[in-house]
Amino acid sequence: MSKTPQAIRGTQDIFGAEAEAFAHVVATFERIRKLYRFRRAEMPVFEKTEVFSRSLGETTDVVSKEMYSFEDRGGESLTLRPEFTAGIARAFLTDGWQQHVPLKLATHGPLFRYERPQKGRYRQFHQIDAEWIGSAEPQADVELLTMADHLLKELGVADGVTLQLNTLGDGTSREAWRVALIEHFGAHRLELSEDSQERLERNPLRILDSKDPRDQAFVGDAPKIDAFLSAEAQDFFAEVTSGLDAAGVSWTRNQALVRGLDYYRHTAFEFVTDRLGAQGTVLGGGRYDGLMESLGGAPTPAVGWAAGIERLAMLVEMKAEDSADCIVVVEDDAMMAPAFAALRKIRGAGLSADLMASGSPRKRFDKAVKSGAHSILALSSRDGAPDYRIKADPAGTARLETALGDLLATRSGTGDA
RNA sequence: GCGAUCGUAGCUCAGUUGGUUAGAGCGCCGGUUUGUGGUACCGGAGGUCGGGGGUUCAAGACCCCUCGAUCGCCCCA
């Protein structure tokens, strides 16, 4: 006997009530996405590595140390998708989806990131995703955020979740702000945390949401993006916020909210909860007007968001799996054939049904009762003649008898559920 | 990549300062009781104590390494 191989670190096998919660999140997303007229898309789970390295930015953590990359047999570097947006952008460019612009897309599936697993964070994880490509208007941002808000409310997880909103301005606003931040924090370089001294080089915006008290001393009087916004960028953000107010979506401004990936411009947002430990972000996204160009396409404005299915599933009220509408108990193995016939009829009538026909015949009925089945059909023999009994409430008994028709004629008793 | 805690039957766990054949509950299998039924009782299967090395007369307990889990940091959904 050889040893059983272990599952890969950071992967999960989802089962039972957890799997039901997972499926519930996906089903709810599918329903809402149709309400908002987003079209389904499916992309490959792996792409040429450059799809991600060019669009996310070489210096981002995702690209520099978290990608699952490998060479295929032809020696080409491929990568398991760490996010959806880059792959969607590639498909948009290579498949001629420009003709559908403005294009509203929805997808969901597995993503891969080589990270240390912890609560609500896995190496293979799953997201739902919505993108609106080819619309430069703030109405796209408003609609997308309204849909996200709607989804969270439908899932019943909106309590304790707040929408934090910020703008990063257009390209020139963002760059001017970035320079000012480097200047501001650079003046205190040695007083910053080691992490932030590093951030100063790689991603100075990130210092703003540092948790280190040494950094927070300088965050308060750091330059604000508002001071660098062009008139157009200010107008854009104002239209987004007034649109949200009109749609009844509540939000709070968070000037320290930035995005980790290079392609974001203008609107940035996160729906945040305090119920998931260190993994507070439940849904996040923003506008990425610069992305298509980085992949060699024509400038194409776009907005999108993604949400972790595992994180949402953890917030959803755990629902137990449904118990069977009916369990058919075979108390005498001679009754196996009629049991199969009865099951087919019961299921044909739209009732979920299970068969209980193994183990000690005397204990089968008890096991059916214990399972919480709504009704039980017991098949046995009495003095050599077939016999059946139903245990259910009157309505359940009637439903069962209708389903069975004249299949079973001889019965000796009923009982209340 | 860094830190902390943890890893004993299918599941939840107990196992005293290292000391005989490693336990319980639940679940599973079989039987008895009950007999129209979610009861009670009896019995059974199932563990290389995550893996490897070391200390010791003796290790599930102590030390080292390794794998994994959990919770943080970094980063992110």
Side-chain angles (χ1 to χ4, degrees), chain A residues 1 3-12 15-16 25 56 59-67 81-85 108-130 148 161 193-196 198-199 202-203 205-207 209-212 215 257-261 269-273 276-286 304-315 323 327 329 331 358-373 376 378 380 382 387-392 411-417:
Chain A
M1 268 298 238
K3 231 178 160 177
T4 306
Q6 290 182 307
I8 303 299
R9 174 172 216 191
T11 63
Q12 37 175 356
F15 170 75
V25 170
L56 303 187
T59 63
T60 57
D61 276 32
V62 171
V63 170
S64 61
K65 54 188 189 194
E66 294 173 2
M67 293 206 301
R81 43 141 88 145
E83 58 131 44
F84 282 115
T85 307
H108 65 83
L111 278 344
F112 305 84
R113 239 116 104 166
Y114 193 92
E115 292 184 284
R116 190 75 174 261
Q118 54 184 279
K119 187 183 184 70
R121 156 186 290 188
Y122 306 93
R123 287 185 171 180
Q124 177 180 333
F125 58 107
H126 302 79
Q127 287 186 346
I128 51 180
D129 180 280
V161 176
S193 67
E194 296 74 16
D195 283 333
S196 285
E198 176 79 5
R199 289 187 185 109
R202 301 172 79 92
N203 195 351
L205 278 58
R206 274 284 160 198
I207 301 176
D209 55 7
S210 168
K211 290 167 189 160
D212 196 303
D215 300 329
L257 176 69
V258 296
R259 303 267 71 208
L261 309 177
F269 53 86
E270 286 181 8
F271 286 81
V272 179
T273 179
L276 289 178
Q279 272 61 246
T281 303
V282 127
L283 183 153
W305 56 250
I309 299 177
E310 288 87 351
R311 292 186 186 177
L312 288 172
M314 282 190 276
L315 293 174
S323 40
I327 291 185
V329 177
E331 295 193 286
S358 63
S360 170
R362 317 184 68 162
K363 291 184 175 174
R364 292 174 190 172
F365 193 94
D366 282 351
K367 286 200 280 191
V369 172
K370 271 194 186 177
S371 79
I376 296 171
S380 61
R382 173 170 287 203
D387 182 40
Y388 78 98
R389 287 183 301 275
I390 291 171
K391 176 180 166 60
R411 61 177 297 178
S412 66
T414 58
D416 291 337

Closest heavy-atom contact between [X] and [Y]?
{"X": "Phe269(A)", "Y": "Leu283(A)", "value": "CE1-CD2, 4.1 Å"}
{"X": "Arg364(A)", "Y": "Ser358(A)", "value": "NE-O, 3.4 Å"}
{"X": "Ala307(A)", "Y": "Leu312(A)", "value": "CB-CD1, 3.9 Å"}

Could you give the distance separating [M] and [N] at their [atom1] atoms, to the nearest angstrom?
{"N": "G72(B)", "M": "A40(B)", "atom1": "C1'", "answer": "49 Å"}
{"N": "G18(B)", "M": "A59(B)", "atom1": "P", "answer": "13 Å"}
{"N": "G68(B)", "M": "G50(B)", "atom1": "P", "answer": "16 Å"}
{"N": "G10(B)", "M": "C49(B)", "atom1": "P", "answer": "13 Å"}
{"N": "U21(B)", "M": "G60(B)", "atom1": "P", "answer": "10 Å"}
{"N": "U70(B)", "M": "C57(B)", "atom1": "P", "answer": "40 Å"}
{"N": "C28(B)", "M": "C74(B)", "atom1": "C1'", "answer": "46 Å"}
{"N": "U8(B)", "M": "A45(B)", "atom1": "P", "answer": "23 Å"}

Look up atom [atom1] in [X] and atom [atom2] in [Y], then write down how far apart they are to the nearest 0.5 Å.
{"X": "Glu83(A)", "Y": "Glu66(A)", "atom1": "CD", "atom2": "CD", "answer": "12.0 Å"}
{"X": "Glu331(A)", "Y": "Asp387(A)", "atom1": "CD", "atom2": "CG", "answer": "9.5 Å"}
{"X": "Gln127(A)", "Y": "Trp305(A)", "atom1": "CD", "atom2": "CH2", "answer": "10.0 Å"}
{"X": "Arg121(A)", "Y": "Arg311(A)", "atom1": "CZ", "atom2": "CZ", "answer": "7.0 Å"}

Which is true for [X] with a 4.0 Å heavy-atom rule: it touches a base, it touches only sugar-phosphate, or it touches nothing?
{"X": "Tyr122(A)", "value": "base"}
{"X": "Val62(A)", "value": "nothing"}
{"X": "Arg9(A)", "value": "sugar-phosphate"}
{"X": "Gln118(A)", "value": "base"}
{"X": "Gly120(A)", "value": "base"}
{"X": "Glu331(A)", "value": "base"}
{"X": "Gly10(A)", "value": "sugar-phosphate"}
{"X": "Arg199(A)", "value": "sugar-phosphate"}

I want to verify a distance call: between [options], whose nearest atom is closest to the [X] side chain?
{"X": "Lys363(A)", "options": "C74(B), G31(B), G72(B)", "result": "G31(B)"}
{"X": "Asp195(A)", "options": "C75(B), C76(B), C74(B)", "result": "C74(B)"}
{"X": "Ala378(A)", "options": "G37(B), C29(B), G72(B)", "result": "G37(B)"}
{"X": "Arg121(A)", "options": "G38(B), G68(B), C74(B)", "result": "C74(B)"}
{"X": "Arg389(A)", "options": "A77(B), C71(B), U36(B)", "result": "U36(B)"}
{"X": "Asp366(A)", "options": "G3(B), A77(B), G38(B)", "result": "G38(B)"}
{"X": "Phe365(A)", "options": "A77(B), G37(B), C67(B)", "result": "G37(B)"}
{"X": "Lys367(A)", "options": "G1(B), C28(B), G31(B)", "result": "C28(B)"}
{"X": "Pro117(A)", "options": "A69(B), U39(B), A77(B)", "result": "A69(B)"}

By nearest heavy atom, map Ala7(A) and Glu66(A) onto RNA chain B; which one lands nearer the 5' end?
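Its nearest nucleotide being more 5', the pick is Ala7(A).
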Toward the 5' end of RNA chain B, by each residue's nearest nucleotide, Gly284(A) or Asp212(A)
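Closest to the 5' end, via its nearest nucleotide, is Asp212(A).
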What is the distance, rounded to the nearest whole Å, between atom [atom1] of [X] and atom [atom2] of [N]?
{"X": "Glu194(A)", "N": "C74(B)", "atom1": "CD", "atom2": "P", "answer": "12 Å"}
{"X": "Glu115(A)", "N": "A69(B)", "atom1": "CD", "atom2": "P", "answer": "14 Å"}
{"X": "Glu198(A)", "N": "C75(B)", "atom1": "CD", "atom2": "C1'", "answer": "13 Å"}
{"X": "Glu270(A)", "N": "A77(B)", "atom1": "CD", "atom2": "C1'", "answer": "9 Å"}
{"X": "Arg123(A)", "N": "A77(B)", "atom1": "CZ", "atom2": "P", "answer": "18 Å"}
{"X": "Lys211(A)", "N": "C2(B)", "atom1": "NZ", "atom2": "C1'", "answer": "15 Å"}
{"X": "Gln6(A)", "N": "G68(B)", "atom1": "CD", "atom2": "P", "answer": "7 Å"}
{"X": "Leu283(A)", "N": "C76(B)", "atom1": "CG", "atom2": "P", "answer": "16 Å"}

Return the pairing partner of [N] with a 3.5 Å limit on both distances, Watson-Crick or G-U wobble; otherwise return none.
{"N": "C6(B)", "answer": "G68(B)"}
{"N": "G18(B)", "answer": "none"}
{"N": "C41(B)", "answer": "G31(B)"}
{"N": "G25(B)", "answer": "C11(B)"}
{"N": "G60(B)", "answer": "none"}
{"N": "C74(B)", "answer": "none"}

Is it the case that the base of C71(B) and the side chain of Arg116(A) share a donor-acceptor contact (distance under 3.5 Å, atom types as modelled)?
no
Tell me whether Asp215(A) contacts the main-chain N or O of Ile207(A) through its side chain, where contact means a donor paired with an acceptor under 3.5 Å.
no
If we ignore hydrogens and angles and just use 3.5 Å, is the side chain of Arg123(A) paired with the main-chain N or O of Glu115(A) as donor and acceptor?
yes
